[in-house]
Amino acid sequence: MKRRDFINQAAAATTLVSLGGLGLQSFSSAAKTTKITILHTNDVHSHIDPFGPNDGRNPNKGGVARRASLIQSIRQENPNTLLLDAGDIFQGTPYFNYYGGELEFKLMSKLKYDAATIGNHDFDNGIDGLYAQLPHAKFDFLSANYNFSNTVMDTHVKPYKVFKKEHLKVGVFGLGIQLKGLVDKAMYKETEYLDPIEIAQDMSRILKTEEQCDLVICLSHLGYYYGDNSTKVSDLVVAKNTKDIDLIIGGHTHTFLPKPTVTKNSEGKNVLVNQVGCYGINLGRVDFFFDNDKNKSADGASIIV
């Protein structure tokens, strides 16, 4: 897209939020800051090519090649960058029907994704189909509330991973949606679903207290929000009922957020919740700024690809 349009879009979709009580202006001039950039996608659904110029809703948007160029330019700007995906990588174009997910995983590996969680549509060729494509994925799959111990995926999925960027530690854990009633049992077999709120409480404690992480990220395929009367667990519900999570990157509901939602955790502290729609049309970006005392603030944007 044109540079002017890109700048306008980015400027219109940014938000600055203090995490831990310190705003950006407090240390931007005096102390040295370290910036961690989080890039993310969700619900790409096998959309490899960009939408055509005559597409009614998303003309000339998306495409892996364009996303790759955008990611490369951001990494050059800030080497302290992580690239994450919140699930539903599979299903949606003939590329998946023909190649079964091989192409998606190979391209994500070329883009150097750091981690992804697992969405319900990633079981669409069965758990054996997902397992068969794992050799093509040069990144980690994270899911803390799917117990794969009685399946072929056992030992191939981690609950969390810690990344080191300069002197900072970034902890990322994954959460998946309830598969029962959403996916045929024959597709996920003996995969056991664990309560996402309980698991999130446990994971955030481990990452913050035991692993001593400076930044805790939940990579979720639960869905953004289902309304006040819903019993479904969503990203906003997880945020409200946990502590120590700084950012929830969501998927499943194809929610287009122009900027991250700022909500409160169980201790009344800020949590960012973000999701960038679907089909690779947008790339999410959240920058975290740390001062010398590791106090942090954040700036978020949704960038049109």
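- Under a 3.5 Å cut-off, the side chain of Asp293 and the backbone N or O of Asn295 do not form any donor-acceptor pair.
- The hydrophobic clustering, which links ILVMFWY residues whose side-chain heavy atoms are closer than 4.5 Å, places Leu107 and Ile71 together.
- In this structure, Thr263 and Val273 have side chains that are in contact, with non-hydrogen atoms separated by less than 4.5 Å.
- One N or O on the side chain of Ser109 and one on the backbone of His136 form a donor-acceptor pair closer than 3.5 Å.
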Original post:
Between Lys264 and Asn270, is a side-chain hydrogen bond (donor to acceptor under 3.5 Å, both in side chains) present by the stated rule, with each step listed?
Top reply: CA-CA 5 Å; Lys264 299 293 184 181; Asn270 287 334; 2.7 Å; yes
Using the salt bridge (Lys or Arg N to Asp or Glu O under 4.0 Å) rule, take Lys110 and Glu104 through it: C-alpha gap first, then chi angles, then the decisive distance, then the call.
-> CA-CA 10 Å; Lys110 290 281 188 184; Glu104 290 87 326; over 6 Å; no
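- Side chains of Asn125 and Leu130 form no contact here, defined as non-hydrogen atoms less than 4.5 Å apart.
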- Task: Given side chain to side chain contact (heavy atoms under 4.5 Å, CB included), test Leu222 with His252 step by step and report yes or no.
- Result: CA-CA 6 Å; Leu222 295 172; His252 186 63; over 6 Å; no
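- Contact of the Ile127 side chain with the Met153 side chain is registered, since non-hydrogen atoms from C-beta on lie closer than 4.5 Å.
- Between His156 and Tyr131, the ring-plane angle classifies as perpendicular under the 30° and 60° cut-offs.
- Between Tyr188 and Val183, the closest heavy-atom pair is CE2-O, 3.2 Å.
- Of the residues listed (Tyr95, Phe123, Tyr99, Phe96), the one engaging Phe90 in a ring-ring contact (aromatic ring centres under 6.0 Å, His included) is Phe96, and it is the only one.
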* Determine, step by step, whether Asp299 and Val286 satisfy the side chain to side chain contact (heavy atoms under 4.5 Å, CB included) criterion, reporting the C-alpha distance in whole Å, the side-chain angles of both residues, the deciding distance to 0.1 Å, and the verdict. => CA-CA 6 Å; Asp299 191 16; Val286 183; over 6 Å; no
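- No donor-acceptor pair under 3.5 Å is formed between the side chain of Ser230 and the backbone N or O of Gly227.
- At least one side-chain heavy atom of Tyr113 sits under 4.5 Å from a side-chain heavy atom of Thr41.
- Within a 6.0 Å sphere centred on NZ of Lys208, other residues, nucleotides and ligands contribute more than 12 heavy atoms.
- Every residue two or more places apart in sequence or in another chain was checked for a ring pair (Phe, Tyr, Trp, His ring centres under 6.0 Å) with Tyr225, and none qualifies.
- In the hydrophobic cluster analysis, where Ile, Leu, Val, Met, Phe, Trp and Tyr join through side-chain heavy atoms closer than 4.5 angstrom, Leu207 is grouped together with Ile248.
- Asp154 contributes no side-chain N or O that, together with a main-chain N or O of Thr151, makes up a donor-acceptor pair within less than 3.5 Å.
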*asked:* For a side chain to side chain contact (heavy atoms under 4.5 Å, CB included) check, start with the C-alpha distance between Asp88 and Asn42, then their side-chain angles and the critical distance, and finish with the verdict.
replied: CA-CA 7 Å; Asp88 272 9; Asn42 62 274; over 6 Å; no
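- The minimum heavy-atom distance linking Asn274 with His40 is given by the pair ND2-NE2, 3.0 Å.
- From Gln178, atom CD reaches atom CG of Asn145 across 9.0 Å, with rounding to the nearest 0.5 Å.
- Below 30°, between 30° and 60°, or above 60°: for Tyr146 and Tyr193 the angle between ring planes is between 30° and 60°, a tilted geometry.
- With hydrogens and angles ignored, the 3.5 Å screen pairs no side-chain donor or acceptor of Ser302 with any backbone N or O of Pro258.
- Under the 4.5 Å side-chain criterion, counting only non-hydrogen atoms from C-beta, Ile249 is not in contact with Gln275.
- Ile199 and Val162 fall within a single hydrophobic cluster, where Ile, Leu, Val, Met, Phe, Trp and Tyr are joined by side-chain heavy atoms under 4.5 Å apart, directly or via other members.
- The structure places CG of Asp140 at 11.5 Å from CG of Leu219, a figure rounded to the nearest 0.5 Å.
- Proximity of the aromatic rings of Tyr279 and His254 is defined here by a centroid distance below 6.0 angstrom, and this criterion is met.
- In this structure, Arg66 contributes its side chain and Asn60 its backbone to a donor-acceptor pair below 3.5 Å.
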May I have the step-by-step check of side-chain hydrogen bond (donor to acceptor under 3.5 Å, both in side chains) for Tyr226 and Thr253, ending in yes or no? CA-CA 9 Å; Tyr226 298 103; Thr253 46; 5.6 Å; no
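- In this structure, Lys180 does not pair ionically with Glu192, as no charged nitrogen and carboxylate oxygen lie closer than 4.0 Å.
- Of all non-hydrogen atoms in Pro159 and Leu142, the two that sit nearest each other are O-CB, 4.3 Å.
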Under the criterion salt bridge (Lys or Arg N to Asp or Glu O under 4.0 Å), I'd like the reasoning laid out for Lys185 against Glu190: C-alpha separation, chi angles, the key distance, then a yes or no. CA-CA 8 Å; Lys185 180 73 163 66; Glu190 300 304 315; 3.7 Å; yes
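- Taking the centre and axis of the six-membered ring of Phe288, the NZ or CZ atom of Lys296 falls outside the cone set by 45° and 6.0 Å.
- Considering all non-hydrogen atoms of both residues, Ser46 and Thr93 come closest at O-OG1, 2.7 Å.
- Counting all heavy atoms, side chain and backbone alike, Ala200 lies closest to Thr242 at CB-CG2, 3.9 Å.
- Between Leu83 atom CG and Met108 atom CE the span is 7.5 Å, to the nearest 0.5 Å.
- Panel note: side chain Asn58, backbone Lys61; no donor-acceptor pair is recorded below 3.5 Å.
- We find that Asp214 and Lys294 are joined by a salt bridge, their nearest charged nitrogen and carboxylate oxygen being less than 4.0 Å apart.
- Note that the CG atom of Asp246 and the OG atom of Ser204 stand 10.0 Å from one another [nearest 0.5 Å].
- Taking NE2 of His45 as the reference point, atom CD1 of Ile89 lies at 10.5 Å (rounded to 0.5 Å).
- Contact check for Ser234 versus Tyr224: no side-chain heavy atoms found under the 4.5 Å cut-off.
- In this structure the side chain of Phe139 never reaches within 4.5 angstrom of the side chain of Asp114, judged on heavy atoms.
- The pair Glu267-Lys240 does not meet the salt-bridge criterion, since no charged nitrogen lies less than 4.0 angstrom from a carboxylate oxygen.
- Comment: Glu211 does not engage Arg205 in a salt bridge, judged by the lack of any side-chain N to carboxylate O separation of less than 4.0 angstrom.
- Grouping the Ile, Leu, Val, Met, Phe, Trp and Tyr side chains by contacts below 4.5 angstrom, directly or via other members, places Phe256 apart from Leu236.
- Closest non-hydrogen pair, Ser220 versus Asp235, comes out as OG-OD1, 2.5 Å.
- Between Phe141 and Phe105, the angle of the ring planes lies from 30° to 60°, which puts this pair in the tilted group.
- Here Lys189 pairs with Asp128 in a salt bridge; the nearest charged N to carboxylate O distance falls below 4.0 Å.
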(request) Given side chain to side chain contact (heavy atoms under 4.5 Å, CB included), test Asp85 with Val44 step by step and report yes or no. (result) CA-CA 9 Å; Asp85 185 88; Val44 177; 4.0 Å; yes
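- Placement of Phe290 and Leu82 within a single hydrophobic cluster is found when ILVMFWY residues are connected by side-chain heavy-atom separations under 4.5 Å, directly or transitively.
- Of the inter-residue distances, the one linking Leu179 atom CG with Ile118 atom CD1 reads 9.5 Å to the nearest 0.5 angstrom.
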Asp287 vs Thr37, test: side-chain hydrogen bond (donor to acceptor under 3.5 Å, both in side chains). Steps then yes/no.
CA-CA 4 Å; Asp287 292 313; Thr37 297; 2.6 Å; yes
